[in-house]
Amino acid sequence: MRLVKSIDQVRKAVRAQKEQGKKIGLVPTMGYLHEGHLSLVRLARRKCNFLVVSIFVNPAQFGPKEDLREYPRDLKRDLQLLKKEGVDLVFCPSVAAMYPGGYQTYVEVVGWNKILCGASRPVHFRGVATVVLKLFNIIEPDIAVFGRKDFQQAVIIERMVKDLDLDVKILTGRIVRERDGLAMSSRNTYLSAEQRKNAAILYQSLKWLKQAYVNGLRDPKTAESRMAAMITARDGRIDYIAFVDKNSLEPVKELRRGTLAAFAVFFGKTRLIDNTVLGSNLDIGHLFIPM
Ligand code: PAF
């Protein structure tokens with residue numbers, strides 16, 4: 001497995017593989033890898049024959065009051081994990097390489113970048129779309145894999161790919177959960193022991209919703225207030241709970257097959273997101289049982 005930091009070098013390395021007819025896969029990450037990331041790496045590994053993983057904590061997707069500086073990093077451990085997964089190349093650029101002095105070009109998927117998570121993180125999706133487009137231009141992957149925990153991110157990237165005629169196929173991977181159902185996230189490490197215990201309510205609220213939907217619940221307002229009550233009883237502070245169409249991200253008046261139930265909740269200062277799609281085979285994610 002090669003570690004490459006320069007844009008020119010990664011371009012050369014990938015183009016050499018393309019010339020040999022290899023299908024290129026990319027899994028973009030911000031590092032501090034967990035089983036959720038590794039499941040995306042495994043999915044990509046099966047779909048390509050030269051696999052690039054990028055590790056870059058992208059400043060453009062953090063607001064001025066967000067956790068850019070504290071965002072956890074452990075490159076040595078990440079590289080060990082990726083080597084075991086049979087990754088071919090890790091691209092790990094510096095901020096100066098990605099955003100050199102004078103940088104002033106950004107990509108916005110207009111509208112969708114200001115709703116749901118975008119309402120409280122106004123620059124977030126602009127930063128994500130920009131860095132992902134840059135990575136696509138640098139690596140020119142045939143396929144790229146994103147996780148469904150960041151459902152809105154995946155939808156926005158799919159839209160950008162369509163709108164800008166990018167020649168890359170987007171695949172999404174299931175949410176991977178801890179034993180108690182909490183979706184895996186690098187940010188889970190910020191939680192105190194008590195917050196970590198309480199955060200399991202997020203999964204329980206999604207399980208409740210799935211069952212309530214099967215039992216006939218159709219009113220989003222009732223669903224929202226029941227879920228909010230469950231979460232706030234465990235000291236979670238709701239940023240938003242939303243019920244939207246999974247393709248258009250438009251709010252629904254009635255819960256139905258294909259409704260995306262998504263939320264962001266603070267435990268202390270840590271903002272966690274999770275979601276599920278009602279009545280579809282995009283299931284609630286699977287539990288990771290450590291060996
Ligand atoms: O999902 C993430 O880790 C990031 O938003 C991404 C896609 C790597 C862009 O920085």
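One-based numbering along the sequence shown. Every number for a ligand or one of its atoms is a count from 1 in the order of the listing. These values consider heavy atoms only, across backbone and side chains, with no hydrogens, waters or symmetry-generated copies.
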Q: Do the side chains of Asp219 and Lys253 get close enough for a salt bridge, i.e. N-O under 4.0 angstrom?
A: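 Salt bridge absent between Asp219 and Lys253.
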Q: Numbering the atoms of ligand 1 from 1, which are under 4.0 Å from a heavy atom of Thr29?
A: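 Contacts of ligand 1 toward Thr29, numbered from 1: 8 (C).
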Q: Short list, please: which atoms of ligand 1 are under 4.0 Å from a heavy atom of Gln61?
A: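 Within the 4.0 Å cut-off of Gln61, ligand 1 contributes 4 (C), 5 (O), 9 (C), 10 (O).
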Q: Relative to the heavy atoms of Pro28, which atoms of ligand 1 are at a distance of less than 4.0 Å?
A: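 Per the distance check, 8 (C).
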Q: What protein heavy atom lies closest to atom 3 (O) of ligand 1? Include the residue and the distance to one decimal.
A: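 So the nearest neighbour among protein heavy atoms is Met30 CG, 3.7 Å.
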Q: Say you draw a straight line from CZ of Phe125 to CH2 of Trp112; how long is it, rounded to the nearest 0.5 Å?
A: 11.5 Å
Q: Need the ligand 1 atom indices (1-based, order shown) with element for anything under 4.0 Å from a heavy-atom of Val131.
A: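 This gives 9 (C), 10 (O) as the contact atoms.
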Q: Applying salt bridge (Lys or Arg N to Asp or Glu O under 4.0 Å) between Glu85 and each of Arg46, Arg42, Arg45, report the one that passes.
A: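 With Glu85 as partner, salt bridge (Lys or Arg N to Asp or Glu O under 4.0 Å) holds for just one option, Arg42.
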Q: Just jot down the ligand 1 atoms closer than 4.0 angstrom to any heavy atom of Gln153, in number order.
A: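 Heavy-atom distances to Gln153 below 4.0 Å select 1 (O), 2 (C), 4 (C), 5 (O), 7 (C).
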Q: Roughly how far, to the nearest 0.5 Å, is the CD1 atom of Ile241 from the CG atom of Asn275?
A: 13.0 Å
Q: Are any of the side-chain nitrogens in Asp88 or Arg2 under 4.0 Å away from the carboxylate oxygens of its partner?
A: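 So Asp88 does not pair with Arg2 through a salt bridge.
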